[in-house]
Amino acid sequence: PELQYPDRLNCVVELLDRMAVGAQAQRPAIHSHQGVWTYAQLLAKVNQIAQVLRDDMQLVPGNRVLLRGANNRMMAACWLAVLKAGLIAVPTMPLLRAKELTVILDKAQVSAALCAEDLRVEMDAARSGAPQLAQVVYFNGDAPTALEQLMAAKPTEFKACDTAADDIALIAFTSGTTGKPKGTMHTHRDVLAICDCFPRSILRSHADDIFIGTPPLAFTFGLGGLLLFPLRAGAATVLLEKMTPEALLKNIQDFQATICFTAPTFYRQMAPLAAKYDLLSLKKTVSAGEALPRATRELWRQATGLAMIDGIGSTELLHIFISAAGDDIRPGATGKPIPGYQACILDDQGQPVPAGVVGRLAVKGPTGCRYLNDPRQADYVHEGWNLTGDAYEMDADGYFWYRARTDDMIISAGYNIAGPEVEDALLQHPDVAECGVVGLPDEERGQIVTAYVVLKPGVEGDAATIKQLQEFVKQSIAPYKYPRAINFCSALPRTETGKLQRFKLRQAA
Ligand code: 3UK
C-alpha cells in the first residue's frame, strides 16, 4: 500500500475536511440514536468543539484530553475535535470505575476531560484523586449541557492545528487483564496508516458502505472499524449504545448495514437469531478481539451465507495486522500478514522456527508499540519486531494459526495444550452455548485441563453430560487434550471488549 504522508499532517484534515466537500458533504457520516449527521454537519460540530477546547478551555497543542462516553455522534465529534486542535486524545472504556480512571489520569498526565453526562458520577469521583485534571466539560445531557452551550456560540469553521505526521495523536490504554494498564501512543501518521491497510486490501470498503458494530470507540478495534475506516472511505457509520445481539441484528436490518465489526461471542449469539431479520444488505463481517472458533465461523456461514473475516489486531499495533477474506480464507487460520505488515514465529531465544512449529508471534509494519513511560516496552519490542504475547504456528503456505496467549498455554503431564483448541472442540457440541478452558494446578499432572461450560437453555448439567462432553472432545482432537474437569456455570467472565478473562476462571478455582 501507498503509505507516504507529508511531514506536516493532521489526520483529521484528511479524514474529515477533505471529505466534507462537493456532493460528499451532504452524504450521511454518522447515524446514532440521536439522529444523523452529514459530513458537513459533522465537520461543523467538530470545528465548534475544537474552538471550545482552544478558546474556552485554553488547551494548547500536546495537552492530553480524556474522553468518556458511549458510542454516539457527539463522542465521535469530540475525538475528532481533540486531534484537530493538536491535542492528544485519551479515550476510556465507559465501564471503568473511578479508581481505574485515576490511574489513567495520572499516567497520561491528563489536563482536561470531555465526558458524557451519564458518566458524571464516576468522573467526579475520579477527579478528586487527580489534581492535574483542571477541567471537565460534560455533553449529551437531557437538556443541553455545558459543551453544547459553549459550542452554540462558536463559528462552524476552524483551521486545523499544523501538527507533524509524527506528533502523538492518541494514547490508547490496553484493557489490562493482568497488571497495570499500559498506555500506547499513536501518531497522526499511524491513524492514516491503519485506514490505508486493512480496509483497502482485505475489507475493500467504499463510499456506499454502511458500517455497524459493537466495539467501543475507546477500543482501537471500534475506533478504526466504526469511525476512522468509514470516514476515510467517505462511507457512513452507525454508532450504537448498549448493544444486545437482537438489537444489533435489528439495526443491521433497519440501517441496511453492509459491514459489521464485533467479537466472536457476539456472532455466536447472533447466529441462531439471524433468520428473524432481513440481513441481505450485509456483505462483510469482521471478527476480532479473540480467536474465532471454527464452530462459530460455521454457524455464522449457515445463518447468513457470509464467510467471516477473522483478523488479529492489538492496541499496541493500533489495528488488524493478520487477516484474510474471500477465497483466501482458511477456516481455523487467522490468515496472512496484511499488505504492509510482516510476521514470523520465534522461539524463546528469539530465533525463527520452521513452518509447523508453535512459537511466539512477531510482527513488523507501519504501526508499532510505543508504550508511555513503561519498562514493558522492552518486552514487547525486540529489534523492531513486536511480540504480541500470542503463541502461533505458520504453515508451509504462510498462513498463521492461532494457538493461545503464550501465558495461557496449558502444560499437563508434559503435554503442551492450547485451551482454545479444546474450546473449539467443545463448541461443536450442540448443547454448548459458551465455554472457556484453562489449566488448573494438579499435583500429579502439573496442570489439568479444566473446562467451564455454559449449557444451552434446558440442558441438564449432570454427570452424564460431563461424560458425554468428554467423549465428544476425545472423538474430535487428540484424546490427551480432553478436559478432565468440567464445571457448569451460567455465564463466563468477559471484558468490555468481549475477551474471555481466563485469569478470573483460574482465580475462581
Ligand atoms: C488477541 C486475537 C486470536 C490476541 C484488537 C483488532 O484485540 C485487540 O486489541 P487488544 O489490545 O488485544 C490484543 C490481543 O487480543 N486477539 C485479538 N484478535 C484476535 N486472538 N484471533 C484474533 N482474531 O491475544 C492479541 O494479542 O485488546 C483487535 C483491532 C484492534 C485491537 N485493538
Side-chain angles (χ1 to χ4, degrees), residues 91 93 170-179 181-184 186 190-191 193-195 197-199 202-203 213-229 261-267 285-294 296-297 308-325 329-338 341 343 360-363 365 367-369 371 376 379-380 386-393 399-409 418-421 423-424 494-503:
M93 293 296 214
L170 165 72
I171 303 176
F173 276 84
T174 59
S175 38
T177 42
T178 46
K182 291 165 271 192
T184 68
H186 301 283
D190 296 336
V191 169
I194 59 162
C195 296
C197 286
F198 178 77
I202 307 294
L203 201 52
T214 63
L217 294 176
F219 180 28
T220 66
F221 178 41
L223 178 70
L226 300 177
L227 182 61
L228 307 176
F229 299 171
F261 282 78
T262 188
T265 43
F266 224 84
Y267 286 114
T285 51
V286 180
S287 167
E290 65 177 2
L292 174 66
R294 276 183 196 235
T296 303
R297 173 185 284 289
M308 189 84 80
I309 302 177
D310 187 8
I312 177 172
S314 76
T315 308
E316 286 83 352
L317 283 131
L318 198 52
H319 218 272
I320 291 171
F321 45 81
I322 295 177
S323 185
I329 293 172
R330 288 208 181 163
T334 315
K336 293 183 174 184
I338 67 172
Y341 288 83
R360 297 164 184 264
L361 178 66
V363 183
T367 58
C369 176
Y371 284 134
R376 289 170 287 188
D379 302 334
Y380 204 96
N386 293 272
L387 298 173
T388 65
D390 295 292
Y392 256 88
E393 196 176 308
Y399 277 83
F400 284 75
W401 300 72
Y402 177 80
R403 293 295 174 241
R405 292 284 308 167
T406 24
D407 39 21
D408 284 338
M409 283 298 282
E421 187 187 0
E423 288 162 17
D424 255 31
R494 288 192 183 274
T495 63
E496 227 179 325
T497 59
K499 284 194 216 304
L500 180 64
Q501 294 170 303
R502 292 169 201 282
F503 74 101

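Everything numeric here is computed off the predicted structure, so don't read it as measured data. All heavy atoms count here, side chains included; hydrogens, waters and symmetry mates do not. Each ligand, and each atom within it, is numbered from 1 in the order the structure gives.
Tyr380 and Thr184 form no side-chain donor-acceptor contact under 3.5 Å, judged by distance and modelled atom types alone. At a cut-off of 3.5 Å, with distance as the only test, no side-chain donor of Thr174 or Thr315 sits close to an acceptor on the other residue.
Every side-chain contact (heavy atoms from CB on, under 4.5 Å) that Thr406 has, sequence neighbours left out, goes to Arg360, Ala391.
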Name each N or O atom in ligand 1 that is under 3.5 Å from a protein N or O, and give the partner atom and the distance.
from, atom 1, to, atom 2, distance (Å)
ligand 1, 7 (O), Lys499, NZ, 2.8
ligand 1, 9 (O), Thr315, N, 3.4
ligand 1, 11 (O), Thr315, N, 2.9
ligand 1, 11 (O), Thr315, OG1, 2.6
ligand 1, 12 (O), Lys499, NZ, 3.0
ligand 1, 15 (O), Gly289, O, 3.4
ligand 1, 15 (O), Lys499, NZ, 3.1
ligand 1, 16 (N), Gly289, O, 3.3
ligand 1, 18 (N), Gly289, N, 3.0
ligand 1, 23 (N), Asp310, OD1, 2.8
ligand 1, 23 (N), Gly311, O, 2.7
ligand 1, 24 (O), Asp390, OD1, 2.4
ligand 1, 24 (O), Asp390, OD2, 3.3
ligand 1, 24 (O), Arg405, NH1, 3.0
ligand 1, 26 (O), Asp390, OD2, 2.5
ligand 1, 26 (O), Arg405, NH1, 2.9
ligand 1, 27 (O), Lys499, NZ, 3.1
ligand 1, 32 (N), Thr220, OG1, 2.8
ligand 1, 32 (N), Thr315, N, 3.3

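Between Glu423 and Arg502, at least one side-chain nitrogen of the basic residue sits less than 4.0 Å from a carboxylate oxygen of the acidic one, meeting the salt-bridge criterion.
When all heavy atoms of Ala218 and Pro91 are compared, the pair lying nearest together is CA-CB, 3.8 Å. Shortest non-hydrogen contact noted between His186 and Leu317 is CE1-C, 4.4 Å.
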